[in-house]
**Q** 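Sending over a structure as structure tokens; questions will come in a sec.
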Amino acid sequence: MEKDYLDSVISCFVCASADRAGEHCILSYSPFHSSNTKYDPENLGFISTERIRVLLATHGSELDPHKLEVLLALADGNADGKICYQDFVNLMSNKRSNSFRRAILQGSRQLKGCSLRDEVGLGLSQRLIRHVAYETLPREVDRKWYFDSYTYCPPPWLILAITIAEVAVFLYYGFLLDCLVLQVSSPSFLKSPLPYHPQLRAHAWRYLSYLFMHTGIEHLSLNMAMQLLVGVPLEMVHGALRIGLVYLCGVLAGSLAVSVTDMTAPVVGSSGGVYALVSAHLANVVMNWSGMKCQFKLFRMAMALVCMSVEFGRAVWLRFYPPAFPPCPNPSFVAHLGGVVVGLTLGVVVLQNYEQRLQDQSLFWIFFCAYTLFVLCAVFWNIFAYSLLDVRLPPPP
């Protein structure tokens, strides 16, 4: 039905070529459609809000009600009294541009009609999608857009796959070392090819693979709980690519931060990636406090901070606890801090730009360039600083 509606409008003004300049669209039209003069008499590539309202009144029943609301908001919010044809096509084809977002946000009135929370008669899967929308998105327009667009295809596979792999690795080494609590106390724990160790820092894969190893069941349980409760909803909304970017950047920043600031310590655990996701989510909630409509948000935010503090406190205590096999120290806690920094920079930009192109965001490029510079500096530090500073490293495992 929506396709028929789109076709009826496209027949009124058909785009033959497009030239984008800044935020404006300039479109030329096919001379074979006489109705162009009816809806775009000046041939400028725009349709007036009055005429779009006539179309909405005629064909609105064929549209999804949420998309109809967004179109009405777009019409009301444009101070020039006209709508770019490309913005309309972006909406109908599930593509949204920055200019379209601003047209909605600068609307002169609030969206009318019931909110998504008031809708009744929804199935279990629809209620889950609505719950995730209110957990992660601060704007009602975005929540309705997500509710209409999400199809569970693909499912949130990335965070689930990482979690399953972490549990599998933990159980494997648990049986191999015959230890589930404080596996780090086993003399063979660091002999695995996965953990980061300063003597083996030339093994590049260890800067990422350490995320699959954990010091014990208490370490794995806290990380897994935060990873699933926060990571899965974020992946459902923002996709595996964006959430994977934030997660892996946090993991890599964690190991590199340890190699620079805690040069003699090994690293294990997924805390760098977990703290990147949780920090980004909490910062997004705080920055959009009035718009976030999730239930008990203050209590839940406090609980998230408590869990993060408990896990970080456990890591600090373990780092300075006398090691079971000196002179090798216990794993470092600095990876947590590296993840937090990534979450408060790259992560916030990703979560703030739902359905927007990250490559169009100047802040994304600023933080991405800063992150790349940090990685390059850390690589050179690992190559030259250890010998120049004559750091006394523990023996290899």
**Q** Should Val246 and His238 count as side-chain neighbours, where that means a heavy-atom distance under 4.5 Å?
**A** no
**Q** Let me check something: any side-chain donor-acceptor pairs from residues 383-397 under 3.5 Å, sequence neighbours excluded? List them with distances.
**A**
| residue | atom | partner | partner atom | Å |
| --- | --- | --- | --- | --- |
| Tyr386 | OH | Ser259 | O | 2.8 |
| Tyr386 | OH | Met263 | O | 3.4 |
| Ser387 | OG | Phe384 | O | 3.0 |

**Q** Would you indicate whether Trp289, at its atom CH2, is surrounded by more than 12 heavy atoms from other residues, nucleotides or ligands within a distance under 6.0 Å?
**A**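 Counting neighbours around CH2 of Trp289, more than 12 heavy atoms of other residues, nucleotides or ligands fall under 6.0 Å, so yes.
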**Q** Kindly work out whether a path of hydrophobic side-chain contacts (I/L/V/M/F/W/Y, heavy atoms less than 4.5 Å apart) joins Leu229 to Val285.
**A** no
**Q** Should Ser270 and Ile162 count as side-chain neighbours, where that means a heavy-atom distance under 4.5 Å?
**A** no
**Q** Walk me through whether Phe312 and Val340 qualify under side-chain contact (heavy atoms from CB on, under 4.5 Å).
**A** CA-CA 11 Å; Phe312 183 70; Val340 169; over 6 Å; no
**Q** Any side-chain heavy-atom pair from His219 and Leu318 closer than 4.5 angstrom?
**A** no
**Q** Which heavy-atom pair separates Gly250 from Ala276 by the least distance, and what is that distance?
**A**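 Distance-wise, the nearest heavy atoms are CA-CB, 4.0 Å.
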**Q** Could you check whether any side-chain N or O of Tyr207 sits under 3.5 Å from a backbone N or O of Arg201, counting only pairs where one atom can act as donor and the other as acceptor?
**A** yes
**Q** Atom NZ in Lys191, atom CG in Leu177: separation rounded to 0.5 Å?
**A**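 Rounded to the nearest 0.5 Å, the NZ-CG separation comes to 10.5 Å.
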**Q** Name the orientation class of the two ring planes belonging to Phe320 and Phe333 (parallel below 30°, tilted from 30 to 60°, perpendicular beyond 60°).
**A**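 Rings of Phe320 and Phe333: tilted, 30 to 60°.
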**Q** Is the closest side-chain donor-acceptor distance between Tyr210 and Ser255 under 3.5 Å?
**A**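 Judged by distance alone, the side chains do not pair up.
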**Q** Quick check: does any side chain N or O of Arg206 sit under 3.5 Å from a backbone N or O of Pro195, one acting as donor and the other as acceptor?
**A** yes
**Q** Are Leu176 and Leu220 linked, directly or through other ILVMFWY residues, by side chains that come within less than 4.5 angstrom of each other?
**A**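 Linked, Leu176 and Leu220 end up in one cluster.
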**Q** Could you label the plane-to-plane angle of the Phe374 and Tyr371 rings as parallel, tilted or perpendicular, counting under 30° as parallel and over 60° as perpendicular?
**A** tilted
**Q** Do Leu346 and Val230 belong together in a cluster built from hydrophobic side chains that touch within less than 4.5 Å?
**A**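 The answer is yes; both residues are in one hydrophobic cluster.
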**Q** Name all pairs fulfilling the side chain to side chain donor-acceptor pair (under 3.5 Å) condition that reach into residues 337-346, sequence neighbours left out, sorted by first residue then second.
**A**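 Those involving residues 337-346 do not exist here.
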**Q** Which atom names give the shortest non-hydrogen contact between Cys328 and Leu190, and what distance separates them?
**A** SG-CD1, 3.8 Å
**Q** Test side-chain contact (heavy atoms from CB on, under 4.5 Å) on Leu228 and Leu160 and set out the steps.
**A** CA-CA 7 Å; Leu228 291 174; Leu160 292 176; 3.9 Å; yes
**Q** Any salt bridge (Lys or Arg N to Asp or Glu O under 4.0 Å) involving residues 284-311? Give me the pairs, sequence neighbours left out, ordered by first then second residue.
**A** Glu135-Arg300, Glu311-Arg314
**Q** Is there a side-chain contact between Ile159 and Leu277 (heavy atoms, below 4.5 Å)?
**A** yes
**Q** Check the hydrophobic clustering (I, L, V, M, F, W, Y; side-chain heavy atoms under 4.5 Å; chains of links allowed) and say if Val348 and Leu363 are grouped together.
**A** no
**Q** Go through Phe364 and Gln359 one step at a time and tell me if the side-chain contact (heavy atoms from CB on, under 4.5 Å) criterion holds.
**A** CA-CA 7 Å; Phe364 171 77; Gln359 54 266 42; 5.7 Å; no
**Q** Between Asn284 and Tyr354, do the side chains contain a donor N or O and an acceptor N or O under 3.5 Å apart?
**A**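 Tyr354 vs Asn284: no donor-acceptor pair found between side chains.
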**Q** Using only atom types and a distance under 3.5 Å, with no angle test, would you say the side chain of Tyr152 pairs donor to acceptor with the backbone of Ser125?
**A** yes
**Q** Can you get from Val316 to Tyr275 by hopping between Ile, Leu, Val, Met, Phe, Trp and Tyr side chains that sit under 4.5 Å apart?
**A** yes
**Q** Taking all non-hydrogen atoms of both residues, which atom of Val349 and which atom of Phe367 are closest, and how far apart?
**A**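 Heavy atoms only, the tightest pair is CG2-CD1, 3.4 Å.
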**Q** Tyr146 side chain to Ile129 main-chain N or O, any donor-acceptor pair under 3.5 Å?
**A** no
**Q** Could you pull out the closest heavy-atom pair between Phe212 and Leu194, with the gap in Å?
**A** CB-CD1, 4.2 Å
**Q** Calculate, to the nearest 0.5 Å, the distance between atoms OG1 and CG belonging to Thr136 and Asn288 respectively.
**A**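 Thr136 OG1 to Asn288 CG: 11.0 Å, rounded to 0.5 Å.
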**Q** Is the shortest side-chain heavy-atom distance between Arg139 and Trp145 below 4.5 Å?
**A**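 Not touching, per the 4.5 Å side-chain cut-off.
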**Q** How close do Ala240 and Glu235 get, counting heavy atoms only, and between which atoms?
**A** CB-OE2, 3.5 Å
**Q** Do Gln352 and Gln361 come close enough that some side-chain heavy atom pair is under 4.5 Å?
**A** no
**Q** Okay, side chain of Arg143, backbone of Tyr134: is any donor-acceptor separation there less than 3.5 Å?
**A** no
**Q** Less than 4.5 Å apart, any side-chain heavy atom of Leu351 and any of Ile243?
**A** yes
**Q** Is any side-chain heavy atom of Asn223 closer than 4.5 Å to one of Met226?
**A**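 They are in side-chain contact.
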**Q** Checking His203 against Ser209 for the side-chain contact (heavy atoms from CB on, under 4.5 Å) test, could you report, in this order, the C-alpha distance in whole Å, the side-chain angles of both residues, the deciding distance, and whether it holds?
**A** CA-CA 10 Å; His203 298 173; Ser209 63; over 6 Å; no
**Q** Verify whether the ring centers belonging to His214 and Phe170 lie closer than 6.0 Å.
**A**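 They do not qualify: ring centres at least 6.0 Å apart.
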**Q** Would you name the heavy atoms of Pro329 and Thr264 that are closest together and state the gap between them?
**A**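 Of all heavy-atom pairs spanning Pro329 and Thr264, the closest is CG-O, 3.4 Å.
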**Q** More than 12 heavy atoms of other residues, nucleotides or ligands under 6.0 Å from CG of Leu241: yes or no?
**A** no
